[in-house]
Amino acid sequence: MIPEQEVANTKLRTLYAKAKWRALWSADNIAAFEAALADRSRHGLDRLSFEVANPEDVDAAKADVALSQAALDYADALANGRVDPASLYEVYTLPRPKTDVPAGLGAALEAGSLTEWFESLAPQDAEYRALSDAYRNFSQAASREGAAPTLSGGVIRVGDRDDRVPAIVDQLTESGYLVANGAAVDTVQVPPSRYPTPLLYTQAVADALKGLQTDYGIAADGVVGPETLKVLNLGAGDRARSLAVALERRRWLARTSPATRIDVNTAAAQLRYYRDGALRDSRKVVVGEPGHETPALSSPIFRLVANPTWTVPKSIQNGEMANVGEDYLLAHNMVLKDGWIVQQPGTDNALGLVKFDMANDQAIYLHDTSAPALFERSQRHLSHGCVRVEDALGFAQMLAEDQGVVDAWQTAQATGETTFVPLPTRIPVRLLYHNVYVGDDGAVAFRTDPYGWNDPIAERLGFSKASARRAEAGAIDVGP
């Protein structure tokens, strides 16, 4: 029997009270738990120690309780994540998993099904498995790579000969942007002989480099400059670190996603629209700049707003626009109403010609923009927190068609005045921060950590401080 005074933890007390304070751990259960722990690299948790007391070192009751505590800790990390996102962010409203870990552990111990139970706790989807496989591969590569040479020096352009070129080619090949056997990666191929002059920086290498630059939010010009060198210096260990964080972020999410939903990946500045479980649309977005981060939240679109006005938030009115005069307001179609600056409807409105109203108390929503050229930038963390949608009018038309309100939407547009079109069914929107994810082509894609949100998670997973660069985007306009 387990003395009640030996158990102070609430979850443990729940577990043992249900078992009528009997010891729970047989030799078979201990073996199953040890096997599960030995396989924790599949979840990026191999840098954490889930201490299990040796039964020979302590009395049987204490050993049983210690095993239960370790099993609860590991199970909770799989089911809910090792880190509570609410402890990291002021705003985090994405639905969390709902798993009764103590009840599940008790049932699995009694049934002798610990192996199957631990297997069931983490996400079961294909994306999680792909990230898991990638984590293991990069972790193994990191253990072999040793201290890679650090690339430094000046700019390299097409036609230059530089002794850093072989190392750059090796890095691009290792990362999948180039292949040396003639097989295509996107549109780039490398002949088996690589290059006639190994030190020559060719157009083929520059074209491959553009893919890496795009992935990491650098101007995709194929030129090897200081920011590109920072990314080229990232090793397999850096990528393994990012993948461990990616796995953790997915463990935070409810295991079942709404079949019809809009997912905005704020790290990658990309929107995906799913309808009835299938990907319906994908497009670029502009999201919050560092310092005005788009929060991680779940909030539905409940109506379309044609020809919206924009009421300038006081933070902008008293900040960037503190000293503007009447000429500025007139030039930007703005008026003062009860102490607030309000921009009138029109093509120059900061919200563009459509706003996707969302039900939240953070004043966060999707909208059009009067600056569509921003979507051509590889680094699109430029807003004050809201999400600007590429071809927002086309996206609104798509939603209106899918919701059966296309006539009402087109009539609203034609008025030229602010008009609201309710949606018969609200569309859930999830604002996610996934800088490593599986792209539409099925390959694992890496992006920068523009908000620096990965570091505290990685450190709690047992990793050292990051060497990866953060994206840096200069403010280019005033808008939500």
Side-chain angles (χ1 to χ4, degrees), residues 9-12 14-15 33 36-37 39-51 68-105 108 114 117-136 138-139 239-258 263 265-267 293 295-298 430-438 444 447 449 451-464 466:
N9 181 289
T10 301
K11 288 185 178 181
L12 280 175
T14 300
L15 176 67
F33 180 35
L37 284 180
D39 196 37
R40 64 188 184 277
S41 64
R42 282 204 297 127
H43 307 286
L45 296 171
D46 46 315
R47 300 206 171 207
L48 297 177
S49 176
F50 297 87
E51 294 294 339
S68 295
Q69 183 62 69
L72 284 172
D73 288 346
Y74 184 54
D76 198 52
L78 293 177
N80 303 300
R82 179 69 170 183
V83 183
D84 180 0
S87 70
L88 299 176
Y89 310 112
E90 184 177 346
V91 177
Y92 190 92
T93 67
L94 293 165
R96 300 292 309 282
K98 296 179 179 179
T99 304
D100 188 339
V101 171
L105 176 59
L114 270 186
W117 182 65
F118 279 120
E119 286 283 344
S120 72
L121 295 174
Q124 303 296 307
D125 58 275
E127 180 165 20
Y128 189 86
R129 291 192 294 272
L131 295 173
S132 172
D133 291 343
Y135 174 76
R136 283 186 150 178
F138 278 108
S139 293
R239 290 179 170 83
R241 183 182 190 272
S242 296
L243 282 157
V245 173
L247 290 166
E248 173 74 1
R249 288 186 181 280
R250 280 154 185 80
R251 290 192 291 269
W252 294 347
L253 299 176
R255 297 298 183 256
T256 303
S257 304
D263 284 347
N265 184 346
T266 57
E293 295 89 352
L297 57 78
S298 176
R430 301 190 303 177
L431 303 182
L432 307 165
Y433 187 81
H434 292 167
N435 74 313
V436 184
Y437 60 97
V438 176
V444 173
R447 296 294 185 268
D449 176 16
Y451 296 162
W453 281 358
N454 282 6
D455 291 348
I457 303 168
E459 289 169 27
R460 294 198 204 180
L461 294 175
F463 289 83
S464 58

Does the pair Arg430/Asp263 count as a salt bridge with the N-to-O cut at 4.0 Å?
-> yes
Are the side chain of [X] and the backbone N or O of [Y] linked by a donor-acceptor pair below 3.5 Å?
X: Glu248; Y: Ala458; answer: no
X: Arg251; Y: Arg82; answer: no
X: Arg40; Y: Leu37; answer: yes

Least distance between heavy atoms, [X] atom then [Y] atom:
X: Ala71; Y: Phe118; answer: O-CE2, 4.0 Å
X: Ala108; Y: Trp117; answer: CB-CB, 3.7 Å
X: Leu297; Y: Leu94; answer: O-CD2, 3.3 Å
X: Ser298; Y: Thr93; answer: N-OG1, 2.9 Å
X: Gly462; Y: Arg47; answer: O-CD, 3.6 Å
X: Asn454; Y: Arg249; answer: OD1-NH2, 3.3 Å

Which of parallel (below 30°), tilted (30 to 60°) and perpendicular (above 60°) describes Phe33 and Tyr74?
-> tilted
Looking only at side chains, do His43 and Tyr135 share a donor and an acceptor under 3.5 Å apart?
-> no
Please walk me through it: do Asp76 and Lys11 pass salt bridge (charged side-chain N to carboxylate O under 4.0 Å, His left out)?
-> CA-CA 11 Å; Asp76 198 52; Lys11 288 185 178 181; 3.7 Å; yes
Within a radius of less than 6.0 Å around CD of Glu90, do more than 12 heavy atoms belonging to other residues, nucleotides or ligands occur?
-> no
Please examine the side chains of Tyr128 and Arg42, heavy atoms only from C-beta on, and report whether any two atoms are closer than 4.5 Å.
-> no
